[in-house]
**Student:** 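Please find one structure pasted underneath; my questions will follow.
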Number of protein chains: 2
Amino acid sequence: MNTEEERQAGLAMEGDEDLAGPPTKQELDLNQFLPYRLNSLADRISQALAELYEERYQLNIAQWRILAWLSHCDELTAKKICAYTYMDKARVSRAIQGLEERGLISRTPAPEDQRQQDLHLTAAGRKLLTKLIPEAQAWEAELVATLTAGEYRDLLNVMRKLERQLERIGDKG
Amino acid sequence: MNTEEERQAGLAMEGDEDLAGPPTKQELDLNQFLPYRLNSLADRISQALAELYEERYQLNIAQWRILAWLSHCDELTAKKICAYTYMDKARVSRAIQGLEERGLISRTPAPEDQRQQDLHLTAAGRKLLTKLIPEAQAWEAELVATLTAGEYRDLLNVMRKLERQLERIGDKG
DNA sequence: GCTAGTTAATTTCCTGTGCAACTAATTTTA
DNA sequence: TAAAATTAGTTGCACAGGAAATTAACTAGC
């Protein structure tokens with residue numbers, strides 16, 4: 001009946017008696033476990049936002065990221081995109097393919113190295129972004145509307161710290 | 001040659017001249033765009049940690065989450081796991097299947113409703129967790145080692161706020 | 001200038017997962 | 001209490017994406 005409320009049971013108060021609060025015994029509480037919490041939140045945000053790209057612009061996340069990077073880097077190669085976004089190169093390759101087929105980006109072999117391809121937004125791509133970017137920003141603004149400016153800034157700072165630390169430990173090493 | 005450094009180019013200083021700093025033009029800066037930053041960070045954390053489950057315990061993320069929830073809820077059903085973790089029920093179903101085949105959990109039809117199955121850790125499952133959980137916690141501890149207690153607390157608080165807001169706006173609605 | 005090794009990008013193969021359809025058990029309603 | 005609707009969990013199908021093999025272009029060593 002009330003799937004919405006049930007979905008919240010894990011984090012919110014006990015609502016539906018059938019799904020009474022989980023915190024019970026001992027051992028690992030995933031709700032206190034940062035990797036889980038962070039991933040769960042990020043997934044939900046990403047998926048919610050992905051609907052915006054997908055339904056309204058037929059873009060998947062990889063494609064959207066590439067467009068966004070191109071919107072402020074002007075010229076890129078697949079390799080750079082991999083480096084900046086941490087996406088797999090196969091994923092990037094396929095996303096680029098799709099974007100080119102739709103005429104949103106152009107790719108021309110780099111003069112100095114024929115293996116590389118210089119990627120640029122086309123007029124169509126730029127036009128699409130002038131519509132999409134404000135929508136994405138509006139969505140983000142709504143998401144962070146309850147945060148103070150300080151909280152927002154601190155959040156980004158802490159995330160930067162975590163990124164650094166991630167490079168120090170593990171993360172493919 | 002230096003893939004490590006190149007991977008960092010997006011966020012850190014310009015290092016390899018070939019991959020000089022991206023911030024250039026105008027439009028959307030993904031590094032200031034919370035959904036992207038959050039997802040990127042969470043993915044990297046999740047993937048790094050997933051190697052720990054996968055390589056050493058042959059557990060995928062879904063399976064690990066289920067074990068972890070069982071470690072402190074003692075008895076669960078697939079539905080509850082879906083509600084708590086936001087994972088698709090098919091994914092949960094398959095993960096449960098794998099866990100049962102390996103003898104890490106048991107499932108018995110619930111007496112009061114034969115459609116449901118009560119899930120429990122087996123002795124083997126509990127044993128595995130007594131090894132895995134400390135490792136996961138140690139990994140997390142290392143990850144957050146550079147955060148102060150306050151930063152850590154604030155981070156979780158802000159994340160809770162975002163979760164709330166996410167339920168308010170979009171997120172499947 | 002030729003061979004061996006690298007590197008950028010693509011493609012192949014395969015696994016995991018989301019969606020939707022389905023099965024089986026339960027509840028509702030009439 | 002029989003038929004309709006709902007619900008827990010499973011399965012078929014299709015597709016996204018990661019690992020590794022492949023191709024094409026480049027560089028280094030001789």
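Below, chain A is the first sequence line, B the second, and so on; all start at residue 1. Remember, predicted model here, so these are calculated numbers, not experimental data.
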**Student:** Restricting to side chain to side chain donor-acceptor pair (under 3.5 Å), what partner residues turn up for B:R56, sequence neighbours left out?
**Tutor:**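 With sequence neighbours excluded, B:R56 shows a side chain to side chain donor-acceptor pair (under 3.5 Å) to B:E135, given in chain and number order.
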
**Student:** Which residues pass the side chain to side chain contact (heavy atoms under 4.5 Å, CB included) test with B:A145, not counting sequence neighbours?
**Tutor:**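 Side chain to side chain contact (heavy atoms under 4.5 Å, CB included) check on B:A145 returns A:Q165.
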
**Student:** Would you mind listing every ring-ring contact (aromatic ring centres under 6.0 Å, His included) that reaches into residues 146-168 of chain B, with sequence neighbours excluded?
**Tutor:**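 For residues 146-168 of chain B, and leaving out neighbouring residues, there are no ring-ring contact (aromatic ring centres under 6.0 Å, His included) pairs at all.
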
**Student:** I'd like to check the salt bridge (charged side-chain N to carboxylate O under 4.0 Å, His left out) partners of A:E151; sequence neighbours left out, ordered by chain and number.
**Tutor:**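 In terms of salt bridge (charged side-chain N to carboxylate O under 4.0 Å, His left out), with neighbours along the sequence ignored, A:E151 is linked to B:K161.
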
**Student:** Restricting to pairs with a member in residues 104-118 of chain A, which pass salt bridge (charged side-chain N to carboxylate O under 4.0 Å, His left out), not counting sequence neighbours?
**Tutor:**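 Of all non-adjacent pairs touching residues 104-118 of chain A, those that pass salt bridge (charged side-chain N to carboxylate O under 4.0 Å, His left out) are A:E100-A:R107, A:D113-A:R115.
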
**Student:** Among all residues two or more places apart in sequence or in another chain, which pass the side chain to side chain contact (heavy atoms under 4.5 Å, CB included) test with A:A124?
**Tutor:**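 Only A:L104, A:T122 meet the side chain to side chain contact (heavy atoms under 4.5 Å, CB included) criterion with A:A124.
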
**Student:** Quick one: list whatever passes side chain to side chain contact (heavy atoms under 4.5 Å, CB included) with B:Q137, sequence neighbours left out.
**Tutor:**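 If we apply the side chain to side chain contact (heavy atoms under 4.5 Å, CB included) test to B:Q137, skipping adjacent residues, the hits are A:L28, B:I133.
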
**Student:** What residues, two or more places apart in sequence or in another chain, satisfy side chain to side chain contact (heavy atoms under 4.5 Å, CB included) together with B:A136?
**Tutor:**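 Partners of B:A136 under the side chain to side chain contact (heavy atoms under 4.5 Å, CB included) test: A:F33, B:W64.
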
**Student:** What residues from residues 54-68 of chain B pass a heavy-atom cutoff of under 4.0 Å to DNA chain D?
**Tutor:**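 DNA chain D contact set from residues 54-68 of chain B: none.
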
**Student:** So how far off straight is the helix from C:dG1-D:dC30 to C:dA30-D:dT1, going by the axes through five pairs at either end, to 10°?
**Tutor:**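 The end-segment axes of the helix from C:dG1-D:dC30 to C:dA30-D:dT1 are tilted 20° relative to each other.
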
**Student:** Taking only the side-chain nitrogens and oxygens of A:K79, find out if one of them lies under 4.0 Å from OP1 or OP2 of C:dA8.
**Tutor:**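 So the side-chain polar atoms of A:K79 do come within 4.0 Å of the phosphate oxygens OP1 or OP2 of C:dA8, strictly under.
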
**Student:** Give me the distances for all protein-to-nucleotides 23-27 of chain D N/O pairs that come in under 3.5 Å?
**Tutor:**
{"from": "D:dA25", "atom 1": "O3'", "to": "A:Q114", "atom 2": "N", "distance (Å)": "3.3"}
{"from": "D:dA25", "atom 1": "N3", "to": "A:R115", "atom 2": "NH1", "distance (Å)": "3.4"}
{"from": "D:dC26", "atom 1": "OP1", "to": "A:Q114", "atom 2": "N", "distance (Å)": "2.5"}

**Student:** Taking N and O atoms by type only, does the side chain of B:R94 place a donor or acceptor under 3.5 Å from a partner on the base of C:dG18?
**Tutor:**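 Between C:dG18 and B:R94, which were checked side chain against base, a qualifying N/O pair under 3.5 Å is present.
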
